[in-house]
Structures are given as C-alpha cells and as structure tokens.
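This is the structure I have questions about; it appears just below.
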Amino acid sequence: MNDSEMRRRELLRQTRKLYDERRDVPAVHPRYGSVYHSLYDDGEEEQTSLAGSFYIRLVIGILCFAGFVYMDQSKISVAEVDSTAIVNQIEKNVDADTIKEVWKNL
C-alpha cells in the first residue's frame with residue numbers, strides 16, 4: 001500500500017465518520033451535559049446523569065462529618081485515632097516537593 005492509497009483510505013474514514021447517522025456525543029463538561037442533551041437529543045437514548053453519584057457522595061460526606069462530630073463530642077477514638085488527630089492531619093502543611101518525589105518513586 002503506497003502513501004496516496006493510505007491517504008485516500010484515511011480521508012474516506014474521516015468522511016464516513018463525519019456523515020455517519022450514529023453520531024456520538026462530543027466531549028461535554030459534566031456541568032453542561034444536561035443542557036447539551038436537552039438541546040440535541042431526540043429523547044430516544046436514555047440520558048445518563050451524574051446527579052445520582054452526587055447524592056451518594058453527598059450522603060457519604062454527611063455521614064463522615066456526623067461521625068467526626070460524634071467522635072469529637074464523645075471524646076472517643078476509633079483505631080487509635082481521635083478527632084484532634086484528624087484536625088491535625090487536615091491542618092498539616094504539605095510539601096509539594098515531597099509529594100513529587102513520592103510519585104516519582106512509585
């Protein structure tokens with residue numbers, strides 16, 4: 001196969017992809033996905049949404065916060081970690097160079 005034939009095949013593939021009836025959804029930021037689907041979808045395809053995962057993550061976050069508040073109010077420790085250790089780890093300054101070195105060693 002010579003270069004001109006390879007080029008023609010590539011152009012044919014691109015043209016078929018351009019005028020194909022089964023068009024894929026372009027890369028759309030999740031924030032604007034619902035707007036895109038409301039404008040361009042015919043309603044035939046089932047709309048996938050990230051709203052379901054948002055609510056799951058929200059519930060997990062609320063449970064973690066409630067667990068932290070319970071640990072702090074009751075002065076209990078779980079797996080030898082108490083609320084002050086959690087606060088100290090959150091407030092701890094992280095050195096970016098150390099993180100880069102650790103990633104390089106992985």
Side-chain angles (χ1 to χ4, degrees):
M1 200 183 316
N2 57 19
D3 291 334
S4 64
E5 187 177 346
M6 289 173 43
R7 176 72 178 145
R8 279 184 269 145
R9 285 182 186 255
E10 178 62 26
L11 288 173
L12 180 61
R13 186 191 64 78
Q14 290 176 358
T15 305
R16 284 181 179 163
K17 184 176 180 183
L18 180 65
Y19 294 108
D20 190 15
E21 293 295 323
R22 298 174 288 129
R23 292 179 25 195
D24 293 333
V25 176
V28 178
H29 191 277
R31 180 181 299 160
Y32 306 113
S34 62
V35 174
Y36 177 84
H37 290 295
S38 67
L39 290 174
Y40 298 107
D41 278 350
D42 295 334
E44 296 174 1
E45 297 179 9
E46 185 176 322
Q47 181 176 342
T48 59
S49 176
L50 295 178
S53 67
F54 170 74
Y55 290 118
I56 292 171
R57 290 181 283 142
L58 179 68
V59 168
I60 291 172
I62 290 171
L63 289 175
C64 287
F65 181 72
F68 172 77
V69 170
Y70 177 73
M71 284 177 62
D72 190 40
Q73 294 294 324
S74 301
K75 303 291 184 206
I76 61 172
S77 64
V78 176
E80 300 177 5
V81 177
D82 59 347
S83 61
T84 56
I86 295 172
V87 171
N88 289 338
Q89 287 297 317
I90 292 172
E91 292 177 346
K92 184 178 178 182
N93 289 333
V94 178
D95 184 26
D97 295 330
T98 307
I99 294 174
K100 289 178 184 177
E101 290 177 19
V102 169
W103 275 102
K104 287 180 183 177
N105 292 334
L106 291 178

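From a predicted model like this one, the values you see are computed outputs, not experimental measurements.
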Spell out, yes or no, whether Ile90 and Val81 are grouped together once hydrophobic residues are joined by side-chain heavy atoms under 4.5 Å, including indirect joins.
->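 Yes, because Ile90 and Val81 connect within a single hydrophobic cluster, where side-chain heavy atoms sit under 4.5 Å apart.
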Could you give the distance from OG (Ser83) to NZ (Lys75), rounded to the nearest 0.5 Å?
->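 So the OG of Ser83 and the NZ of Lys75 are separated by 6.0 Å.
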Interatomic spacing from CG in Asn2 to CZ in Arg7 - rounded to 0.5 Å =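 Between atom CG of Asn2 and atom CZ of Arg7 there are 13.5 Å.
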Going by heavy atoms in the side chains, are Val87 and Glu91 under 4.5 Å from each other?
->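 Sidechains of Glu91 and Val87: in contact.
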So, Glu10 and Arg13, do they make that salt bridge, N to O below 4.0 Å?
->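 Judged by the 4.0 Å cut-off on N to carboxylate O distance, Glu10 and Arg13 do form a salt bridge.
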Atom pair CD (Gln89) and OG1 (Thr84), whose distance is rounded to the nearest 0.5 Å | 10.5 Å
Any donor-acceptor pair under 3.5 Å from Asp72 side chain to Phe68 backbone | no
Distance from Ser53 atom OG to Leu58 atom CG, nearest 0.5 Å?
-> 11.0 Å
More than 12 heavy atoms of other groups within 6.0 Å of Asn93 CG = no
Value rounded to 0.5 Å, distance of OH in Tyr55 from CD1 in Ile62 =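 Taking OH in Tyr55 and CD1 in Ile62, the distance rounds to 11.5 Å.
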Any chance OH of Tyr70 has more than 12 other-residue heavy atoms, nucleotides or ligands included, within less than 6.0 Å?
->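 Result for OH/Tyr70: open.
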Of all heavy-atom pairs between Met71 and Ile86, which one has the smallest distance, and what is that distance?
->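 Heavy atoms of Met71 and Ile86 come nearest at CE-CD1, 4.1 Å.
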